[in-house]
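Scroll down for the structure; my scribbles are underneath it.
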Amino acid sequence: MISEVKIYGKYLRMHLLSGMEYKGWWLMLIQVFVVVVTDPISTVLLFSRFGNIGEWTVAHIILVYALAVASFGLAESLCRGFDYFPWQLLRTGEFDRLLLRPRSLFVQVAASRFHLHRLVRPATGICAVVWALSELEVPLSPRNIAILVMALAGGCIMYCGVFVLTSGVAFFTVKGLDWIYLFTNASYQVTRCPEPYLPQALKSMFSFLLPMLFISFYPAATVCGWDYPAWPGYLALPAGAAFLGCALLVWRIGVRHYKSTGS
Amino acid sequence: MNWKQTGRASRSLLRISMAEGLQYRASAISGVFVSVFWGIIECVLFTVFYTYSDNGWNNNGLSLEQTISYVWLGQALFLFQRMNIDGELMDKINNGNVGIDLCRPLDLYTHWFVKSSAAKLGTSWIRSVATIGVGLLLPAGYALGAPESPAGFLCFLMSVSMAFILCSAYAMLVTAIRLNVTWGDGPTYILLLVSGILSGTYLPLRLWPDELQTFLYLQPFGGFADIPIQLYVGSLEPASALPGIGLQLMWSMIFIVAGRIIMNRKLHTIIVQGG
């Protein structure tokens with residue numbers, strides 16, 4: 001286990017150093033920052049035109065949304081390899097080489113890519129969370145920090161699960177993976193809508209199929225003391241882990257099923 | 001330069017891309033899923049804002065039904081816009097095959113213009129049509145409504161074809177800028193992102209702050225989606241279709257001329273990369 005962690009660290013260091021060789025590497029940071037900041041622009045503009053929805057102000061929405069985005073960004077940074085897996089490793093047949101090495105497949109695939117600029121998204125997200133909390137006048141007590149960290153960790157694990165699931169399914173489909181977009185960039189758009197007004201079908205889908213609300217809305221509600229039972233706020237980690245567990249199962253089946261592609 | 005030859009080559013390029021787009025049906029179907037899902041979330045969001053917000057009356061002449069039609073048409077027209085430069089052209093720029101294309105007896109700008117827009121049309125028309133079809137079939141409240149008037153619908157169709165040309169012209173301008181290999185993807189990406197945001201597919205332009213409305217009407221990117229859709233939902237009367245389409249035409253001309261100038265200037269000093 002420890003050797004796997006060491007290898008993971010070495011991989012990341014290698015990718016980081018090779019990325020820094022490009023003179024314009026910091027330009028990408030700006031680019032990702034622009035993307036991240038402009039994404040919620042329509043929500044902010046809607047609030048400025050229509051005003052608050054009952055008790056929901058722009059800070060409420062930004063808090064929930066930023067939690068989801070930050071955990072997505074973390075997973076994207078740490079598990080980037082899985083994101084590229086279907087295109088870069090599977091279709092080229094490069095995956096055969098990984099299978100030959102006596103090390104964990106998960107670590108090797110997860111660390112096969114790392115881009116520094118991907119960390120801009122979680123960093124911006126966390127800043128937005130802190131801003132929203134100060135706007136809502138919620139103190140950063142140790143309990144609140146613990147809940148938020150658990151939410152981020154759970155969310156990161158859940159989104160890692162999404163990437164692993166994509167890769168697992170890719171063993172069977174090889175191409176045509178656009179639908180996975182539903183679970184990545186489209187999934188956190190749900191948090192732009194205030195939870196009490198969300199249709200029941202979407203609510204169930206994003207609690208039980210993909211435990212989206214457990215890593216964003218419920219922790220936020222517990223931290224701010226909104227009118228909800230407190231216990232779902234603590235469930236981010238188990239919910240994320242359960243999703244990752246299912247995804248790993250699919251991945252396992254996929255690896256078994258794997259017949260080399262490419263040349 | 002031989003215009004007749006270029007025209008004939010353009011026609012075949014278009015035919016090839018259409019046939020190619022039909023090959024990837026599975027990818028088109030999963031694309032429709034994503035568009036529809038996105039559209040439904042937007043519909044929910046707008047319904048919540050129109051129904052429960054403090055000043056839901058403040059909608060600048062765009063009713064909830066119109067906004068929901070706007071969402072579906074926006075999802076369909078969004079596919080005309082580029083998120084990145086055409087993959088094939090990008091490869092040519094990066095590995096130096098621009099050299100080969102320059103040897104062909106075709107005008108490079110026209111050749112690439114047709115090639116990239118045909119590729120876009122070939123892959124996206126199925127997805128656009130299917131998304132609109134699903135939008136029409138959804139239960140009332142989330143469904144795409146009928147056009148405001150027959151005249152409005154005609155203007156919409158004209159404006160949509162103009163929008164396609166405008167999108168392609170802008171993409172070509174960005175491609176011409178991208179010929180500066182050393183700049184990398186950053187600047188082009190930001191240019192495309194800005195055009196996407198200001199096109200109205202993020203948020204109907206009418207719902208942006210009032211102070212910006214004049215600017216939003218005159219800026220080029222409204223022609224990508226906002227002008228045609230407003231003609232369809234009737235927040236822009238058929239009478240004001242002519243100025244709207246004129247605006248699209250004017251910006252297309254500007255983009256085409258600018259793209260040509262930048263490309264020609266760049267081609268004088270081009271360094272072909274790779275071997």
Side-chain angles (χ1 to χ4, degrees), chain A residues 22-57 61 117 173-199 201-203 205-206, chain B residues 24-60 62 67 83 127 141-142 182-190 192-194 196-198 200-210 212:
Chain A
Y22 291 94
K23 258 182 246 156
W25 64 271
W26 52 270
L27 272 174
M28 285 300 280
L29 298 185
I30 299 176
Q31 183 198 316
V32 177
F33 183 74
V34 173
V35 173
V36 174
V37 171
T38 50
D39 202 36
I41 203 171
S42 65
T43 312
V44 175
L45 287 176
L46 270 177
F47 269 103
S48 81
R49 178 166 284 282
F50 286 111
N52 300 338
I53 305 174
E55 288 185 344
W56 285 75
T57 61
I61 293 283
H117 59 257
T173 57
V174 184
K175 203 184 179 262
L177 284 163
D178 284 356
W179 58 270
I180 203 64
Y181 203 61
L182 287 185
F183 289 97
T184 57
N185 295 52
S187 67
Y188 57 75
Q189 302 298 329
V190 174
T191 58
R192 279 166 49 198
C193 183
E195 195 266 358
Y197 301 100
L198 213 57
L202 281 178
K203 231 189 259 187
M205 181 180 166
F206 284 99
Chain B
Y24 294 104
R25 265 157 297 192
S27 132
I29 291 170
S30 68
V32 173
F33 266 104
V34 176
S35 298
V36 169
F37 177 79
W38 199 280
I40 288 177
I41 290 188
E42 296 261 291
C43 288
V44 169
L45 197 69
F46 283 123
T47 313
V48 169
F49 270 100
Y50 271 91
T51 330
Y52 300 104
S53 68
D54 290 350
N55 32 1
W57 48 266
N58 187 12
N59 53 31
N60 200 12
L62 207 59
T67 312
M83 285 293 100
R127 200 174 145 182
Y142 285 164
T182 47
W183 286 5
D185 281 327
T188 55
Y189 196 83
I190 289 177
L192 292 172
L193 186 73
V194 168
I197 292 171
L198 290 176
T201 44
Y202 268 59
L203 179 72
L205 294 185
R206 284 230 166 189
L207 299 180
W208 286 56
D210 291 327
L212 295 177

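The sequence lines fix the lettering, A, B, ..., with proteins before strands; numbering per chain opens at 1.
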Kindly give the heavy-atom pair with the smallest separation between [X] and [Y], and that separation in Å.
{"X": "Pro209(B)", "Y": "Leu45(A)", "answer": "CD-CD2, 3.6 Å"}
{"X": "Ser53(B)", "Y": "Gly51(A)", "answer": "CB-O, 4.1 Å"}
{"X": "Asn58(B)", "Y": "Phe50(A)", "answer": "O-CE2, 4.0 Å"}
{"X": "Val44(B)", "Y": "Cys193(A)", "answer": "CG1-SG, 3.8 Å"}

Looking at [options], which makes the most heavy-atom pairs under 4.5 Å with chain A?
{"options": "Tyr189(B), Tyr202(B), Phe33(B)", "value": "Tyr189(B)"}
{"options": "Phe46(B), Tyr50(B), Tyr52(B)", "value": "Tyr52(B)"}
{"options": "Asp210(B), Ile190(B), Ile197(B), Val194(B)", "value": "Asp210(B)"}

Query raised in the report: Under a 4.5 Å heavy-atom cut-off, does chain A meet the side chain of Ile41(B), its backbone, both or neither?
Result: side chain
Report task. Tell me, for Trp38(B) versus chain A, whether the close heavy atoms (under 4.5 Å) come from the side chain, the backbone, both or neither. Result -> side chain
Query raised in the report: Sub-3.5 Å donor-acceptor pair from the side chain of Arg49(A) to the main-chain atoms of Asn59(B), do we have one?
Result: no
Query - From CZ (Phe47(A)) to CG (Asp54(B)), nearest 0.5 Å - result: 9.5 Å
**Report entry** Separation of Gln31(A) CD from Thr188(B) OG1 (nearest 0.5 Å)
**Finding:** 7.5 Å
Query raised in the report: Is it the side chain or the backbone of Val32(A) that comes within 4.5 Å of chain B heavy atoms, both, or neither?
Result: neither
Query raised in the report: Aromatic rings Phe37(B) and Phe206(A): how do their planes relate, parallel, tilted or perpendicular, breaks at 30° and 60°?
Result: tilted
Query - For chain B, the option from Leu182(A), Asn52(A), Val190(A) that forms the most heavy-atom pairs under 4.5 Å - result: Asn52(A)
